[in-house]
K.L.:
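Sharing a structure below in structure tokens format, with a few things to ask.
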Amino acid sequence: MATPNGLAQIETNGRKKHENVVCHDDSAAPVRAQTIDELHSLQRKRSAPSTPKDSAASAFAAALTEEQREEQQLQSISASLASLTRETGPKVVRGDPARKGEASAKSTPAHHHQHPAAPTIAVSDSSLKSTHVLSNLSPAELYEQAIKYEKGSFITSTGALATLSGAKTGRAPRDKRVVKDEAAARELWWGKGSPNIEMDEHTFLINRERAVDYLNSLDKVFVNDQFLNWDPENRIKVRIISARAYHSLFMHNMCIRPTDEELENFGTPDFTIYNAGQFPCNRYTHYMTSSSSVAINLARREMVILGTQYAGEMKKGLFGLMHYLMPKRQILSLHSGCNMGKGGDVALFFGLSGTGKTTLSTDHNRLLIGDDEHCWSDNGVSNIEGGCYAKCIDLSREKEPDIWNAIKFGTVLENVVFDERTREVDYTDKSVTENTRAAYPIEYIPNAKIPCVGPHPKNVILLACDAFGVLPPVSKLNLAQTMYHFISGYTALVAGTEEGIKEPQATFSACFGAAFIMLHPTKYAAMLAEKMQKYGATGWLVNTGWSGGRYGVGKRIKLPYTRKIIDAIHSGELLTASYKKTEVFGLEIPTQIDGVPSEILDPINTWEDKAAYKETLLKLAGLFKNNFEVFASYKIGDDSSLTDEILAAGPSF
Ligand SMILES: Nc1ncnc2c1ncn2[C@@H]1O[C@H](COP(=O)(O)OP(=O)(O)O)[C@@H](O)[C@H]1O
Ligand SMILES: C=C(OP(=O)(O)O)C(=O)O
Ligand SMILES: [Ca+2]
Ligand SMILES: [Mn+2]
């Protein structure tokens, strides 16, 4: 018994005399354990099975089924990890190899998965070894794995898991390969401007074997079985096999998390990622031009990652897959954020990296459907993912409170710098990279819309971060202009942290995501035009970039102003505003918006040097024209008048 000051009370009145009075403060019953191991095993309670058992007989039956189910799952993972030239599949064992001796509170006694058939070619040493699988671990378990075994893993002061992605801190689009078999040759977009660089089936298998052998050489691998797409009719089952707890937690956050019951009935995945990112590809292998490779094989439904640990490759690799699978079902895949007003009005936010999809779709007054990847079907919109991937550079609590607060236990924080002792993150620090990131489950945003689906969009907002400072902060687009700007996919950022770079770099990326599309851009554009027409959506072009001069002279438009502009789009205020038309780009710009200084709405007002403005405007118009030339010979949809209108919707000078 403790006194108010915390010291044990010494009993003096003899009321409760014990036989052998030893002076100690432990009056509670002792723990019922004979050994330390037993004590430790008491600590971990077996997770409640999701199927309730009510009688002794059914308990026995259910236990059997569960064991069988676990056996089936191990068999399925073993098949995924099989070498294609040797054994039918490695011996896989459930659980953490470091806990071998312990009476596991979680699994049935560890048992080796039996090979379903005798080795087909020859027994190798690898067939004698077993690979431990840690499948669908919880965030807490993954934290423990990361902190124990992965250098550079730390818990930050707000509880997030800080990780290092290694030498690669961004995607490597030039290392992406797609197997060009007959179907792919026919269906996909190849050649100039296309992101699809070909690889043959044989080379893919060499890389696959390299990844599988690497993974099987490890003590343990992580397996995630998850879903893509919140539209239940078009859900895709994915399995991710990786070597790092960081990758497993990242995908746990980014893909849709199955319930226990869905996991029990998961069955065979529709698509599998082999992430052997720590292990390089072999440059003697045909088509390999660096030591990184992200290869996709649509026929085999597999992706193999070698030589890059940047987790975004997995997320965006799956997005590429959806850009192939969904249009086959007449569903449009979109590189866009998406949110919904309380009244049910949905907005899409297209834009290249860094233009504001995540920032602007995360809006405290609206429900978040998703920040980056969506589908638009006859039923409306659905998020492909179960999480968000926010940029953290210069993140502040004041400007982006919802993202700030999402960085807590469970969130993966990539490549950030923190105080050695307090573990407080310095979001301004670019020492590791400018591309610092947070990956968190979407429900970490308080007003997330779960399930992440919504009705047909009312507004389609095209975001461009124009570092030339000549595009207006907002323009209302007609359908042809929307298509012109969608196909162009323009943004201009200032090139990273390199010194001496004064000139903004214009980027044109078809459909605001050329790196991820699989079919010709006009296929997606035609679908977008058709859907926007059918459902009466309005297009907008929003410049989240520079105002008052180009980069170096002007400044980036203040986020609160951009938010006011977006508010006015959502509320319908901008539909009834008065407009004037700009020179060269022929954009309709509003003359007034609540909460935004009117003079900034026409960029010419903000430039002191009007001649420089005109010159820069013409320069950018020229870049648009050059870029669009390759599309001039393509027809968009069945309506040839739309094609002509689109060609005419670009700048004229
Ligand atoms: N006016 C603005 N509009 C949108 N984002 C802005 C603006 N000014 C600065 N930013 C910053 O630009 C970045 C936009 O990045 P993000 O939303 O992650 O883009 P995306 O999701 O399209 O890659 C964020 O860091 C945001 O704070
Ligand atoms: C994850 C990415 O997306 P974004 O920068 O658009 O958020 C990426 O492009 O690697
Ligand atoms: Ca993106
Ligand atoms: Mn984003």
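Counting convention: from 1, in listed order, for ligands and their atoms alike. What you are looking at is a predicted structure, and each value in this text was computed from that prediction instead of being measured.
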K.L.:
Got an N/O contact under 3.5 Å between G356 and ligand 1?
P.N.:
yes
K.L.:
Considering only heavy atoms, which of K555, R556, K391 lies nearest to atom 6 (C) of ligand 1?
P.N.:
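Nearest option to atom 6 (C) of ligand 1, by heavy atoms: R556.
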K.L.:
Under a 4.0 angstrom heavy-atom cut-off, which atoms of ligand 1 come close to I557?
P.N.:
1 (N), 2 (C), 8 (N)
K.L.:
With heavy-atom distances below 4.0 Å as the criterion, list the atoms of ligand 1 near T359.
P.N.:
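Listed by number with element, the hits are 14 (C), 15 (O), 16 (P), 17 (O), 24 (C), 26 (C).
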K.L.:
Of all the heavy atoms in E400, does at least one lie under 4.0 Å from an atom in ligand 1?
P.N.:
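In this structure, E400 qualifies as a contact of ligand 1 - some heavy atom is under 4.0 Å.
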K.L.:
Is Y389 close enough to the Mn ion (ligand 4) to have an N, O or S atom under 2.8 Å?
P.N.:
no
K.L.:
Tell me whether L463 reaches ligand 1 (any heavy atom closer than 4.0 angstrom to a ligand atom).
P.N.:
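For ligand 1, residue contact (heavy atoms, under 4.0 Å) with L463 is absent.
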K.L.:
Fit a plane to each ring of F319 and F516, take the angle between them on a 0 to 90° scale, and name the class: parallel (under 30°), tilted (30 to 60°) or perpendicular (over 60°).
P.N.:
tilted
K.L.:
Between G351 and ligand 1, is there a nitrogen or oxygen pair with a distance under 3.5 Å?
P.N.:
no
K.L.:
Can a donor-acceptor pair be found, under 3.5 Å and without considering hydrogens, that links the side chain of K523 to the backbone of M527?
P.N.:
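Here the side-chain-to-backbone pair does not exist.
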K.L.:
Looking at non-hydrogen atoms alone, which of K357, M254, K391 comes nearest to atom 6 (O) of ligand 2?
P.N.:
K357
K.L.:
Could you tell me, atom by atom, which parts of ligand 2 come under 4.0 Å of a heavy atom of D372?
P.N.:
6 (O)
K.L.:
Is the centre of the F624 ring less than 6.0 Å from the centre of the H485 ring?
P.N.:
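Ring-ring flag for F624/H485: true, centres closer than 6.0 Å.
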K.L.:
Would you indicate whether K564, at its atom NZ, is surrounded by more than 12 heavy atoms from other residues, nucleotides or ligands within a distance under 6.0 Å?
P.N.:
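Not more than 12 within 6.0 Å, no.
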K.L.:
Within the structure, does K357 bring an N/O atom to less than 3.5 angstrom of an N/O atom in ligand 1?
P.N.:
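For ligand 1, there is an N or O atom that lies under 3.5 Å from one belonging to K357.
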K.L.:
Can you name the side-chain hydrogen bond (donor to acceptor under 3.5 Å, both in side chains) partners of S382, sequence neighbours left out?
P.N.:
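S382 satisfies side-chain hydrogen bond (donor to acceptor under 3.5 Å, both in side chains) with N229 once adjacent residues are dropped.
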K.L.:
May I ask whether G312 places a heavy atom under 4.0 Å from ligand 2?
P.N.:
no
K.L.:
Counting from 1, what ligand 2 atoms have a heavy atom of R171 closer than 4.0 Å?
P.N.:
8 (C), 9 (O), 10 (O)
K.L.:
I'd like to know whether the aromatic ring centres of F250 and Y389 sit less than 6.0 Å apart in this structure.
P.N.:
yes
K.L.:
Heavy-atom distances under 4.0 Å decide this one: backbone, side chain, both or neither, for L352 against ligand 2?
P.N.:
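None of L352 does.
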K.L.:
Kindly determine whether N415 and S165 satisfy side-chain hydrogen bond (donor to acceptor under 3.5 Å, both in side chains), including the steps that lead there.
P.N.:
CA-CA 7 Å; N415 302 317; S165 69; 3.0 Å; yes
K.L.:
What part of Y310, side chain, backbone, both or neither, has a heavy atom within less than 4.0 angstrom of ligand 2?
P.N.:
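Just the side chain.
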K.L.:
Hey, which atoms in ligand 1 end up nearer than 4.0 Å to a heavy atom of L352?
P.N.:
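In order of number, 22 (O).
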K.L.:
Tell me if the aromatic rings of F508 and F628 count as close, with their centers under 6.0 Å from one another.
P.N.:
no
K.L.:
Run the contact test for A390 against ligand 1 with a 4.0 Å cut-off on heavy atoms, strictly below, and give the result.
P.N.:
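For ligand 1, residue contact (heavy atoms, under 4.0 Å) with A390 is absent.
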K.L.:
One thing to verify: whether K316 and D372 come together as a salt bridge, which I'm taking to mean a side-chain N less than 4.0 angstrom from a carboxylate O.
P.N.:
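Salt bridge flag = yes for K316 with D372.
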K.L.:
Counting heavy atoms only, which of K315, R437, H335, E313 is nearest atom 4 (P) of ligand 2?
P.N.:
R437
K.L.:
Could you pull out, from T544, T562, L559, T358, the option with a heavy atom nearest to atom 21 (O) of ligand 1?
P.N.:
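Result: the heavy atom closest to atom 21 (O) of ligand 1 is in T358.
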K.L.:
Using 30° and 60° as the class boundaries, would you call the ring planes of F486 and F512 parallel, tilted or perpendicular?
P.N.:
tilted
K.L.:
At a 4.0 Å threshold, what atoms of ligand 1 neighbour a non-hydrogen atom of T355?
P.N.:
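Numbered from 1, ligand 1 contributes 19 (O), 22 (O).
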K.L.:
Rounded to the nearest 0.5 Å, what separation is found between the OG atom of S157 and the CZ atom of R423?
P.N.:
10.0 Å
K.L.:
One thing to verify: whether K237 and D270 come together as a salt bridge, which I'm taking to mean a side-chain N less than 4.0 angstrom from a carboxylate O.
P.N.:
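Salt bridge flag = no for K237 with D270.
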